[in-house]
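Here is the structure we will look at.
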Amino acid sequence: MKKTFAVSATVFAVLLLLLCGCQTTDTAITVDGTLDVMSVGGYTISGEAYQYWVLPYRYDYENTYGTDFWNTANGKELGSEILNYVNNAIINRYALLSLADEMAFQLGEMEVSDLKAGYEAEKAQYGDSFAAYLEDNYLHEVIYYQIVYLEDARIDAFWDYLYNESDLFTVSEQETEEYAEQQAYCGVRQIMIRNDAGEDAAENLETADNLLTRLKNGEDFQTLMAEFSESTGQAVSPEGWTLSLNDENYADYFLEALSALNPGEISEVIPYEDDWQSWYLIIQRTLPDMDTVAYDLKTSKINAYLENYKETLSIRYCDVFDAIQIDDVVWTDE
């Protein structure tokens with residue numbers, strides 16, 4: 001990836017002052033509407049747009065830990081991680097839009113007209129409080145329409161085009177089957193029983209044990225899952241879901257239990273605890289949904305293509321980019 005820097009006028013001024021025998025003082029960085037933070041391809045990310053990406057993180061932590069948090073060692077480290085995450089997300093976003101430009105993919109006139117009408121309707125709905133709504137979300141009006149309406153809609157439409165219409169990323173049935181085997185895909189269903197501490201703890205374990213006995217006696221897993229599972233995601237995935245056993249987003253104990261099963265088999269009762277609650281799990285391994293595998297394979301192809309494409313883009317940063325701290329990003333209403 002190309003990383004180029006403009007000649008720093010500030011550094012040049014400092015050298016002149018030193019040659020004249022003058023002293024200088026450090027100047028604080030303010031990321032506002034007067035500063036263009038970076039550019040990706042033909043897209044320039046202004047300070048006001050950068051506020052939209054960074055400030056929700058900044059103020060969320062400040063509301064919890066106070067404004068001095070960023071001066072602590074933990075705050076400095078976290079602030080740096082947040083900025084790195086935001087910067088990479090911005091690069092990925094505008095690399096995708098640059099690719100859309102290169103492929104001459106644009107929203108249709110009717111689509112743009114509908115977006116504009118939706119935007120005006122939202123403004124009318126908020127009335128005099130629209131400006132306050134924008135400020136609450138760290139948005140300037142022009143930035144809001146450009147990013148939230150036009151760019152987001154174009155990105156969604158372009159992704160749909162890449163997945164469903166472009167000939168660049170087709171996947172065959174054989175490729176999908178090979179990918180499923182390489183990445184160890186499988187299906188999974190789970191029954192989750194809440195494991196509350198206190199007087200109900202023994203009753204909860206008894207419920208899980210009774211369900212396991214009924215399953216071993218031949219009762220249908222999906223039927224019992226629909227009736228007894230307390231998972232909030234059950235309504236979203238009533239049939240279960242497909243995953244890769246190589247997916248590190250899942251806990252080791254879960255992947256290990258699933259790996260030990262053959263399709264159709266069920267686990268024993270598994271105690272599980274996250275940051276909010278404790279559960280008893282019973283899982284069933286199933287065959288993977290091949291449409292999901294094909295989608296993931298196509299996603300990996302698109303992402304690999306985008307990574308290579310980013311290497312061809314010119315990505316430029318402002319002179320003070322490497323010195324920006326998260327608390328340099330401030331809200332400005334001008």
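At least one side-chain heavy atom of Phe228 sits under 4.5 Å from a side-chain heavy atom of Arg214. Counting heavy atoms from C-beta on, the side chains of Trp241 and Gln190 come closer than 4.5 Å. Between Asn92 and Leu306 the shortest side-chain heavy-atom distance does not fall below 4.5 Å. Side-chain contact between Ile324 and Leu83 is present, with at least one heavy-atom pair separated by less than 4.5 Å.
Surrounding OH of Tyr163 are more than 12 heavy atoms belonging to other residues, nucleotides or ligands, all under 6.0 Å away. Remark: Phe254 CZ is packed, more than 12 non-hydrogen atoms of other residues, nucleotides or ligands lying under 6.0 Å away.
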Check the pair Val31 / Val37 against side-chain contact (heavy atoms from CB on, under 4.5 Å), numbers first and verdict last. CA-CA 8 Å; Val31 180; Val37 177; 3.8 Å; yes

Let me see the working for Tyr149 and Glu122 under side chain to side chain donor-acceptor pair (under 3.5 Å), right down to the final yes or no. CA-CA 11 Å; Tyr149 274 83; Glu122 185 178 14; 2.5 Å; yes

Run the side-chain contact (heavy atoms from CB on, under 4.5 Å) check on Leu162 and Leu168 step by step: do they pass? CA-CA 8 Å; Leu162 292 178; Leu168 286 173; 5.6 Å; no

Residue pair Asp152, Arg93: steps toward the salt bridge (Lys or Arg N to Asp or Glu O under 4.0 Å) verdict: CA-CA 10 Å; Asp152 283 0; Arg93 177 186 184 87; 2.6 Å; yes

Run the side-chain contact (heavy atoms from CB on, under 4.5 Å) check on Tyr280 and Leu211 step by step: do they pass? CA-CA 11 Å; Tyr280 292 116; Leu211 287 172; over 6 Å; no

Check the pair Glu268 / Leu212 against side-chain contact (heavy atoms from CB on, under 4.5 Å), numbers first and verdict last. CA-CA 7 Å; Glu268 299 297 316; Leu212 181 61; 3.4 Å; yes

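The cluster map of Ile, Leu, Val, Met, Phe, Trp and Tyr, joined by side-chain heavy atoms under 4.5 Å apart, puts Met103 and Leu97 in the same cluster. Leu287 and Met225 fall into different hydrophobic clusters, where Ile, Leu, Val, Met, Phe, Trp and Tyr are joined by side-chain heavy atoms under 4.5 Å apart, directly or via other members. In the hydrophobic clustering of ILVMFWY residues, with side-chain heavy atoms under 4.5 Å counting as a link, Tyr50 and Val142 come out apart. Under the 4.5 Å side-chain heavy-atom criterion for ILVMFWY residues, a single connected hydrophobic cluster contains both Tyr85 and Phe321. Under the 4.5 Å side-chain contact rule for hydrophobic residues, Val112 and Ile155 share a cluster.
A donor-acceptor contact shorter than 3.5 Å is absent between the side chain of Asp60 and the backbone of Pro56. Put simply, the side chain of Asn262 never gets that close to the backbone of Glu265: no donor and acceptor are under 3.5 Å apart. Within the 3.5 Å criterion, the main-chain N or O of Met38 finds no donor-acceptor partner in the side chain of Arg316. Checking side-chain atoms of Asp160 against main-chain N and O of Asp156 turns up no donor-acceptor pair under 3.5 Å. Proximity of a side-chain donor or acceptor of Thr176 to a complementary backbone N or O of Ser172 within less than 3.5 Å is detected. Judged purely by atom type and a 3.5 angstrom limit, Ser113 has no side-chain atom pairing as donor or acceptor with the backbone of Glu109. A distance-only check finds no donor-acceptor pair linking the side chain of Tyr309 to the backbone of Leu96 [under 3.5 Å].
From Asn71, atom CG reaches atom CG of Asp327 across 6.0 Å, with rounding to the nearest 0.5 Å. Taken from CD1 in Ile266 to OG1 in Thr286, the straight-line distance is 13.5 Å, to the nearest 0.5 Å. Atoms CG and OG1, from Asp289 and Thr242 in turn, are 4.5 Å apart once rounded to the nearest 0.5 Å. Distance OG/Ser98 to CG/Leu313: 5.0 Å, rounded to 0.5 Å. Annotation: the span from Asn303 atom CG to Tyr305 atom OH amounts to 13.5 Å, rounded to 0.5 Å. Note: Asn164 CG to Phe169 CZ = 12.5 Å, rounded to the nearest 0.5 Å.
Side-chain N/O atoms of Gln222 and Glu239 include a donor and acceptor closer than 3.5 Å. Between the side chains of Tyr65 and Thr72, no donor-acceptor pair is found at a separation under 3.5 Å. Remark: the Glu81 side chain and the Tyr57 side chain contain no N/O donor-acceptor pair separated by less than 3.5 Å. There is a side-chain donor-acceptor pair under 3.5 Å between Trp70 and Glu62.
Counting only residues at least two apart or in different chains, ring pair (Phe, Tyr, Trp, His ring centres under 6.0 Å) contacts with residues 202-227 are absent. For residues 164-186, every residue pair satisfying the salt bridge (charged side-chain N to carboxylate O under 4.0 Å, His left out) rule, not counting sequence neighbours, is listed here: Glu175-Lys301.
Considering all non-hydrogen atoms of both residues, Tyr61 and Ile82 come closest at CE1-CD1, 4.0 Å. The minimum heavy-atom distance linking Leu258 with Cys186 is given by the pair CD2-SG, 3.6 Å. Contact between Leu55 and Val329 at its shortest, heavy atoms only, is CD2-O, 3.1 Å. Nearest heavy-atom pair across Asn246 and Ala184 is ND2-N, 4.3 Å. Residues Ala323 and Ile29 approach most closely at CB-CD1, 3.6 Å, considering heavy atoms. Residue Ser229 comes nearest to Met192 through the heavy atom pair OG-N, 3.1 Å, listed as atom of the first residue, atom of the second, then distance.
Between His140 and Trp331, the ring planes lie parallel to each other; the angle is under 30°, not in the 30° to 60° tilted range. Aromatic ring pairs are classed by plane angle as parallel below 30°, tilted from 30° to 60° and perpendicular above 60°; the pair Tyr126 and Phe130 is tilted. Ring orientation note: the planes of Tyr133 and Tyr144 are nearly perpendicular, at an angle over 60° on the 30°/60° scale. The aromatic rings of Phe158 and Tyr161 lie parallel to each other, their planes meeting at an angle below 30°, with 60° marking the opposite boundary.
Geometrically, Lys116 engages Tyr145 in a cation-pi contact, judged by NZ or CZ lying under 6.0 Å from the ring centre and within 45° of the ring axis.
Residues that satisfy the side-chain hydrogen bond (donor to acceptor under 3.5 Å, both in side chains) test with Asn249, not counting sequence neighbours, are Asp247. The side-chain contact (heavy atoms from CB on, under 4.5 Å) check on Ser46 picks up Asp36, Glu48, Ala49, Ile143, with sequence neighbours excluded. In terms of the side-chain contact (heavy atoms from CB on, under 4.5 Å) criterion, residue partners of Ala157 (sequence neighbours excluded) are, by chain and number, Phe105, Leu107.
In summary, the aromatic rings of Tyr253 and Tyr272 are positioned with their centroids under 6.0 Å apart.
Using a 4.0 Å cut-off between charged nitrogen and carboxylate oxygen, Arg58 and Asp328 do not count as a salt-bridge pair. Between Arg194 and Glu230, at least one side-chain N (NZ, or NE/NH1/NH2) sits under 4.0 Å from a carboxylate O, which counts as a salt bridge. Salt-bridge annotation for Glu111 and Arg154: absent, with no side-chain N of the basic residue lying under 4.0 Å from a carboxylate O of the acidic one.
Other cluster members for Val171: Tyr179, Tyr185, Met290, Val293, Leu297, joined by side-chain heavy-atom distances under 4.5 Å among Ile, Leu, Val, Met, Phe, Trp and Tyr.
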